[in-house]
Amino acid sequence: MYLYLQQQIQDVVKEFAKRQFDVDANVVVNQPPRAEMGDMALPLAMELARTLRRAPRQIAEEVAAELKKLEIVERVEIAGAGYVNLYFKRAAYATAFDQRTSGASTGKATGEKIIVEHTNINPNKAAHIGHLRNAALGDTFVRLLRSRGRNVEVQNYIDNTGVQVADVVAGFLNLEKKSAEEVRRLTEDPAVRFDYYCWDLYAKVSRFLAEQADGKAMRSTMLREIEAGGTEAARMAEIVSTAIVRAHLKTMHRLGVEYDLLPRESEILHLRFWDQAFALLKAKGAVYLETAGKNSGCWVMQYKGSETEDETAANEEDTKVIVRSNSTVTYVGKDMAYQLWKFGLLGKDFYYQPFHTYPDGHVVWMSSSERGKPSPAFGNGKIVYNVIDTRQSYLQDIVAAGLRALGYAAQADRSIHFSYEMVALSPRCCEEMGIELSPEEQKRPYIEVSGRKGLGVKADDLIDRLTEEALREVAARHPDKSQETKELIARQIAIGALRYFLLKYTCNAVIAFDFREALSFEGETGPYVQYAVVRARNIFRKLAEEGEGAKPVAISEATLAKFLAPPDGDAFWSLLYLISQRDAAAEQAVVTTEPAAVAKYAFQLAQAFNNFYHRFHILTEQNPERKAFLLWLVRKLEEQLTATLGILGIEAPKAM
RNA sequence: GCGCCUGUAGCUCAGUUGGAUAGAGCGUUGGUCUCCGGAACCAAAGGUCGGAGGUUCGAAUCCUCUCAGGCGCACCA
């Protein structure tokens, strides 16, 4: 509602400025610093004063006169140096909002497809908190886009033939002397948590390879074997990566994260996606065979236009190896092929097999090198978001540069790196976990997580701990509830706390993970917001218990007018006004790729409601008309706050 | 060395494409409640927005310089 009006006003004023002053104005419509100053504000007059060489207040008068014509506008004031402040007809606004939000928003999104790629964990070990941030951001962004009516496809790329998998395979073969068959049995052993097992093995083998003189050679041999396929190592890589992918899906599903497609790197190779992309790149001269220097024998790509005069020395710094001298392809190369496919530019497609069915019936598909089952049409995205941490910006730039080199500048622009900072551990957190730190490290604000060193907080461990903590609280507050119910509520609270914690920071803030903060259920947290919804619902539950129908009742504009009128209605109006801003918060989050905006909004809404809840008693209200109004307001709050939590992937429990 | 990011209250962070008196949470101090369940509410204290210039009606926000911290620049991803 808010967003709609804001845009309408923007359009009206823009058109007016063109007609009246003959200028293309950048019309900003925002909110005044205090509610008494109006509902929306336009600082336009000050901006135009210079170019028009007229007093700002005079311009403001003209803009104000134009805006007074709008049906929804109650009055307009000129304030300060020339702000145009609008006051809406509260009852009309409320009625319009009620109508817009009452209709069930059905219908599948059919517009141009947006592909969001996220999670992308190397399938060689258990997921850790860093991966959780990626998934929480990606999944929330998907929910955001869908809430705005966009058609979204979620992909989780599986790097099943990369070095990280190769290392674990090397560990099984060289350190543990296990056959592929023995590893397979290990994945089926209920007594073994395979992803945790690999977590430890990966750390072990990383240390081992670092100590070996020929560690590098061992790694590249292993990689080649796995890429080529058909060997014991390749079979083992398939077993390991598939088992780990299943573990990851399970972990992520605990947070409510689902995917549509799991494209695998092995198919990029086996279905010759890379050969196709390579041919395109060669044909356009985007890559060339280096014959001298350190990259001799490699196919490299020129990165950033070398404007430097001395082309010999500086050049090498600006090139990126795409195909190694042993003819294996780097990750970036494979990513280019993948990126081309996402935009439908490769001229090839995967085969697909259903991989897993979620409890809700939704199916995740996996790429396959053999003809599979009839599947939905994947790929062919109009816009592509890649949720990848900021440390990989350089690689993302190279992939985009590859698209440009092939003449796909428009697609390169629509290939968006959804960048975010890493999750690190606070020194205190390391201490708690028994990780030894050097005196130097102790002084740092945070310690980087390292899968290679086995240094990090495993996702499932964290979720378990949060759930236990929540269960303790729930059990204390609701001793009468069944164990099953208590556990469900505890899970919902734990996930609410975790997702909110991961989402409340803006993307370019490093999260220094700390148990105390992550386990907090008070203040700016998920449970605080959930609690507000529970409180609102309790009112309706109580109402039903008392025999008064809890069903929503239509409310007249006259009633709305009566109780929203200033000054007594100010508190109600400001709450309602905030409730109506959900679409604006969501849209802002989409445009800025910043889900934190929605988290912030959810918190503000919960805060405003808690204040309202404390000030006004609804069930004891004697005036039936006023009571109906208050109930209507609470109903609206409950709807919109629940929907906002839904965007964040957080459920509101039945009780707390 | 080059590139990118970050410096805002004691701590952790917001700050709406440059807008009015810079805001939250935690922590501290004090208060609210026989209540629709306190995982709550209210209030107080706490700021040279790292520093210095500049741009303009107006700067936490844009530009330049500078200080501090982080990340990246592999035939790893």
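Throughout, a chain's letter reflects where its sequence line sits, starting with A, and its residues are numbered from 1. Heavy-atom basis, side chains included; hydrogens, waters and symmetry copies ignored.
Atom C1' of B:rA52 sits at a distance of 15 Å from the matching atom of B:rA59, rounded to the whole Å. Using P as the reference atom, B:rG46 and B:rA22 are 14 Å apart when rounded to the nearest Å. Distance check on atom P: B:rA9 versus B:rU56 gives 30 Å, rounded to whole Å.
Of the two residues contacting RNA chain B, namely A:Arg444 and A:Leu44, the nearest-nucleotide position lying further toward the 5' end is that of A:Leu44. Where A:Lys542 and A:Glu517 each meet RNA chain B at their nearest nucleotide, the meeting point lying more 5' is that of A:Glu517.
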Can you pull every protein N or O that's under 3.5 Å from an N or O on nucleotides 55-59 of chain B?
from, atom 1, to, atom 2, distance (Å)
B:rC57, OP1, A:Arg50, NH1, 2.4
B:rC57, OP2, A:Arg50, NH1, 3.0

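Residue contacts shown for A:Ser296 include a base, since a base heavy atom lies under 4.0 Å away. Residue-level contact check: A:Glu448 touches the backbone only, with heavy atoms under 4.0 Å from sugar-phosphate atoms and none from bases. Residue contacts shown for A:Val474 include a base, since a base heavy atom lies under 4.0 Å away. Heavy atoms of A:Val300 sit nowhere under 4.0 angstrom from any nucleic acid atom. Using a 4.0 Å heavy-atom criterion, one finds that A:Tyr2 contacts no nucleic acid atom at all. Using a 4.0 Å heavy-atom criterion, one finds that A:Asp389 contacts no nucleic acid atom at all. Using a 4.0 Å heavy-atom criterion, one finds that A:Ala597 contacts no nucleic acid atom at all. A:Pro56 comes within contact range of no nucleotide atom at all, as no heavy-atom separation falls under 4.0 Å.
Side-chain atoms of A:Asn30 and base atoms of B:rA20 include no donor and acceptor less than 3.5 Å apart. Interface remark: the A:His478 side chain does form a donor-acceptor pair with the B:rG37 base, using a distance-only criterion of under 3.5 Å. Judged by distance alone with a 3.5 Å cut-off, no donor-acceptor contact links the side chain of A:Arg391 to the base of B:rA77. With hydrogens and angles ignored, no donor-acceptor pair closer than 3.5 Å exists between the side chain of A:Thr390 and the base of B:rC5.
Residues A:Ala585 and A:Ala597 approach most closely at O-CB, 4.4 Å, considering heavy atoms. Of all heavy-atom pairs between A:Ala655 and A:Lys481, the closest is CB-CE, 3.8 Å. Across all non-hydrogen atoms, the minimal contact from A:Val321 to A:Val323 is CG1-O, 3.6 Å. Here the closest heavy-atom approach between residue A:Leu641 and residue A:Ala602 is recorded as CD1-O, 3.8 Å.
The number of heavy-atom neighbours closer than 6.0 Å to CD of A:Glu421, taken from other residues, nucleotides and ligands shown, is above 12.
Remark: A:Arg535 is not in phosphate contact with B:rA39, judged by side-chain N or O atoms under 4.0 Å from OP1 or OP2. Put simply, A:Tyr446 has no side-chain N or O that comes within less than 4.0 Å of OP1 or OP2 on B:rG69. Between A:Gln607 and the phosphate of B:rG25, there is a side-chain N or O to OP1/OP2 separation shorter than 4.0 Å. Between A:Arg477 and the phosphate of B:rA39, there is a side-chain N or O to OP1/OP2 separation shorter than 4.0 Å. An OP1 or OP2 oxygen of B:rU17 is reached within less than 4.0 angstrom by no side-chain nitrogen or oxygen of A:Asn26. Residue A:Asn538 places at least one side-chain N or O under 4.0 Å from the OP1 or OP2 atom of B:rG37. A sub-4.0 Å separation between OP1 or OP2 of B:rA39 and a side-chain N or O of A:Tyr531 is present. Considering only side-chain N and O atoms, A:Asn610 lies nowhere under 4.0 angstrom from the phosphate OP1 or OP2 of B:rA40.
Considering only the side chain of A:Met656, B:rA39 comes nearest among B:rC35, B:rA39, B:rC71. Nearest nucleotide to the A:Thr330 side chain, out of B:rA77, B:rG19, B:rC41: B:rA77. For A:Val28, whose side chain is taken as the heavy atoms from C-beta onward, the closest listed nucleotide among B:rA39, B:rC36, B:rU17 is B:rU17. With B:rA77, B:rC41, B:rA20 as the candidates, the nucleotide lying closest to the side chain of A:Tyr528 is B:rC41. When the nucleotides B:rA40, B:rC35, B:rA20 are ranked by their closest atom to the side chain of A:Tyr83, B:rA20 comes out on top. Of the candidates B:rA39, B:rA20, B:rC13, the closest approach to any side-chain atom of A:Ala79 belongs to B:rA20. Of the candidate nucleotides B:rG37, B:rC71, B:rG25, B:rG25 has the atom lying nearest to any side-chain atom of A:Glu524. If you check B:rC36, B:rC75, B:rC13 against the side chain of A:Ala509, the one that comes closest is B:rC13. Among the nucleotides B:rA39, B:rC41, B:rC75, the one closest to any side-chain atom of A:Cys298 is B:rC75. With B:rC36, B:rA74, B:rU32 as the candidates, the nucleotide lying closest to the side chain of A:His614 is B:rU32.
No salt bridge links A:Arg207 with A:Glu211; every basic N to acidic carboxylate O contact stays at or beyond 4.0 Å.
By the 30° and 60° cut-offs, the orientation of the rings of A:Phe501 relative to A:Phe513 is perpendicular. A perpendicular orientation is assigned to the rings of A:Tyr331 and A:Tyr157, their planes being inclined by more than 60° (bins at 30° and 60°).
Taking the side chain to side chain contact (heavy atoms under 4.5 Å, CB included) definition, one finds that A:Lys216 meets it with nothing, sequence neighbours left out.
Here B:rC41 sits opposite B:rG31 as a Watson-Crick or G-U wobble pair (both hydrogen-bonding atom distances under 3.5 Å). In this entry B:rG10 has B:rC26 as its Watson-Crick or G-U wobble partner, both defining distances falling under 3.5 Å.
A straight line from NZ of A:Lys504 to C1' of B:rC11 spans 12 Å, rounded to a whole angstrom. Spacing between atom CZ of A:Arg537 and atom P of B:rC36 amounts to 20 Å, rounded to whole angstrom units. The CZ-P distance, from A:Arg34 to B:rG19, rounds to 17 Å in whole Å. Put simply, CD on A:Gln302 is 15 Å from C1' on B:rC73, counting in whole angstrom units. Here B:rA77 presents its P atom at 14 Å from CG of A:Asn160, a figure rounded to the nearest Å. Atom CD1 in A:Ile511 sits roughly 9 Å away from atom P in B:rC13 (whole-Å rounding). Rounded to an integer number of Å, the gap from A:Arg516 CZ to B:rC11 P is 13 Å.
A distance cut-off of 5.5 Å between ring centres, combined with a plane angle under 30°, leaves A:Phe603 outside any stacking arrangement with the base of B:rA24.
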Problem set entry | Chi angles and distances behind the ring-ring contact (aromatic ring centres under 6.0 Å, His included) call for A:Phe572, A:Phe629 | CA-CA 10 Å; A:Phe572 304 139; A:Phe629 166 76; 5.4 Å; yes
For this session: Give the C-alpha distance, both sets of side-chain angles, the deciding distance and a yes or no for salt bridge (charged side-chain N to carboxylate O under 4.0 Å, His left out) between A:Lys486 and A:Glu473.
Result: CA-CA 10 Å; A:Lys486 283 187 278 197; A:Glu473 289 287 327; over 6 Å; no
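Relative to the six-membered ring of A:Phe540, A:Arg635 meets both conditions, a distance below 6.0 Å and an angle of at most 45° to the axis.
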